Amino acid sequence: MVRKLKYHEQKLLRRLELVSWEAAGGSLAEVKALRRYRVGRREDYVQYKALARTVRALARRLRDLGPASAAFRARCAAALLEKLYGLGLVGSRRSLADCESLSAAAFCRRRLPCLLLKLRMAQNLRHAVTFVEQGHVRVGPEVVTDPALLIPRAVEDFITWVDASRLRQKVLDYNQERDDFDLAA
């Protein structure tokens with residue numbers, strides 16, 4: 001005979017699906033990456049892994065083309081490298097070897113909270129995710145509340161605080177740059 005479950009045990013079992021428990025969890029490396037980059041949804045990371053795998057396969061195919069198609073290979077490799085450099089996923093436009101070593105972490109590093117940390121607009125990644133979710137950050141004229149937004153290199157310079165943000169006001173007060181007109185409004 002089995003004893004009756006206590007309240008806290010029942011509560012834990014409501015959240016746990018025993019049938020698909022093994023299939024739901026990822027590998028240890030995946031869990032570490034999710035925690036390191038504060039990726040909220042596992043589906044996002046799975047998409048990043050699939051995209052990185054596709055880019056690596058494309059780079060291998062371009063590398064393995066024969067000498068008869070050298071012009072085509074050079075043109076396609078340059079286009080691929082230009083696209084990945086514009087997205088900020090590779091460091092240079094020179095070598096196709098950079099594409100062959102592309103990982104899901106490169107996509108995670110281009111997420112908005114990671115760039116906030118890089119631009120020193122947040123102290124740590126947890127605060128950066130909170131700032132984005134609360135609506136304190138804008139990219140260009142648009143207020144962004146999704147931390148999964150991937151930022152290309154061209155847009156990276158347009159990441160700022162929202163005009164009505166209390167954080168922006170605190171930064172301006174600290175730097176003694178707050179305008180008197182802002183105080184009246």
Side-chain angles (χ1 to χ4, degrees), residues 25-133 135-163 168 171:
S27 66
L28 185 61
E30 184 175 311
V31 172
K32 284 182 180 178
L34 291 175
R35 290 183 67 198
R36 178 179 181 189
Y37 295 109
R38 294 276 181 176
V39 178
R41 295 181 358 181
R42 184 177 172 272
E43 295 85 22
D44 291 339
Y45 190 74
V46 170
Q47 278 185 328
Y48 299 155
K49 283 195 323 189
L51 285 171
R53 193 176 323 116
T54 305
V55 170
R56 287 193 307 264
L58 184 60
R60 276 193 305 274
R61 278 183 156 178
L62 285 174
R63 181 194 64 197
D64 294 341
L65 284 177
S69 57
F72 174 74
R73 178 176 56 197
R75 201 171 52 243
C76 288
L80 178 65
L81 285 169
E82 183 65 35
K83 178 63 101 175
L84 293 177
Y85 182 78
L87 288 173
L89 299 175
V90 294
S92 68
R93 300 180 186 127
R94 294 184 185 151
S95 175
L96 201 57
D98 293 341
C99 298
E100 292 179 11
S101 63
L102 188 70
S103 65
F107 286 94
C108 291
R109 285 190 294 268
R110 295 306 299 178
R111 290 167 54 101
L112 183 58
C114 291
L115 289 177
L116 286 177
L117 195 64
K118 180 182 165 189
L119 295 172
R120 298 182 187 254
M121 293 175 73
Q123 290 179 346
N124 55 36
L125 210 49
R126 183 174 57 96
H127 290 308
V129 170
T130 305
F131 294 160
V132 172
E133 287 174 345
H136 290 289
V137 179
R138 68 182 171 132
V139 178
E142 300 293 324
V143 177
V144 178
T145 57
D146 183 21
L149 181 68
L150 294 177
I151 305 293
R153 282 187 200 267
V155 182
E156 188 175 340
D157 296 333
F158 299 107
I159 299 173
T160 57
W161 299 112
V162 174
D163 291 335
R168 180 177 178 264
V171 169

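Bear in mind that the values here come from a model prediction, so they are computed numbers and not experimental data.
Listed by chain and number, the residues in a side chain to side chain contact (heavy atoms under 4.5 Å, CB included) with Arg109 are Tyr37, Ala105, Ala106 (sequence neighbours excluded). The salt bridge (charged side-chain N to carboxylate O under 4.0 Å, His left out) test applied to Arg138 returns Asp163, not counting sequence neighbours. Not counting sequence neighbours, Arg153 has no partner by the salt bridge (charged side-chain N to carboxylate O under 4.0 Å, His left out) test. For Ala78, the side chain to side chain contact (heavy atoms under 4.5 Å, CB included) test picks out no residue, with sequence neighbours left out.
Counting all heavy atoms, side chain and backbone alike, Ile151 lies closest to Val155 at CG2-C, 4.1 Å. Scanning both residues, Leu84 and Cys99, for their nearest heavy atoms gives CD1-SG, 3.4 Å. What you find for Ser103 and Arg56 is that their closest heavy atoms are CA-NH1, 4.1 Å. The shortest non-hydrogen separation linking Cys108 to Cys114 is O-SG, 3.3 Å. Scanning both residues, Ser92 and Asp98, for their nearest heavy atoms gives OG-OD2, 3.3 Å. Across Arg41 and Val39, no two heavy atoms sit closer than the pair O-CG1, 3.2 Å.
More than 12 non-hydrogen atoms from other residues, nucleotides or ligands lie less than 6.0 angstrom from CZ of Arg63.
Residue pairs meeting the side-chain hydrogen bond (donor to acceptor under 3.5 Å, both in side chains) criterion with at least one partner in residues 116-132, sequence neighbours excluded, are Lys118-Glu156. Sorted pairs that involve residues 66-103 and meet ring pair (Phe, Tyr, Trp, His ring centres under 6.0 Å), not counting sequence neighbours, are lacking altogether.
The aromatic rings of Trp161 and His136 stand perpendicular to each other, their planes meeting at an angle above 60°, with 30° marking the opposite boundary.
Distance check, rounded to the nearest 0.5 Å: CD of Glu82 to CG of Leu87 gives 10.0 Å. Atom CG of residue Leu149 and atom CD of residue Glu142 lie 10.5 Å apart, to the nearest 0.5 angstrom. Atom CG of residue Leu150 and atom CG of residue Asp44 lie 8.5 Å apart, to the nearest 0.5 angstrom. Between Leu115 atom CG and Ile159 atom CD1 the span is 5.0 Å, to the nearest 0.5 Å.
Under a 3.5 Å cut-off, the side chain of Arg110 and the backbone N or O of Leu89 do not form any donor-acceptor pair. Arg38 places no side-chain N or O within donor-acceptor distance of the main-chain N or O of Leu125, the cut-off being under 3.5 Å.
With contacts defined as side-chain heavy-atom distances shorter than 4.5 Å, the pair Phe107/Leu102 qualifies.
The existence of a salt bridge linking Glu100 and Arg60 is excluded, since no basic side-chain nitrogen approaches an acidic carboxylate oxygen closer than 4.0 Å.
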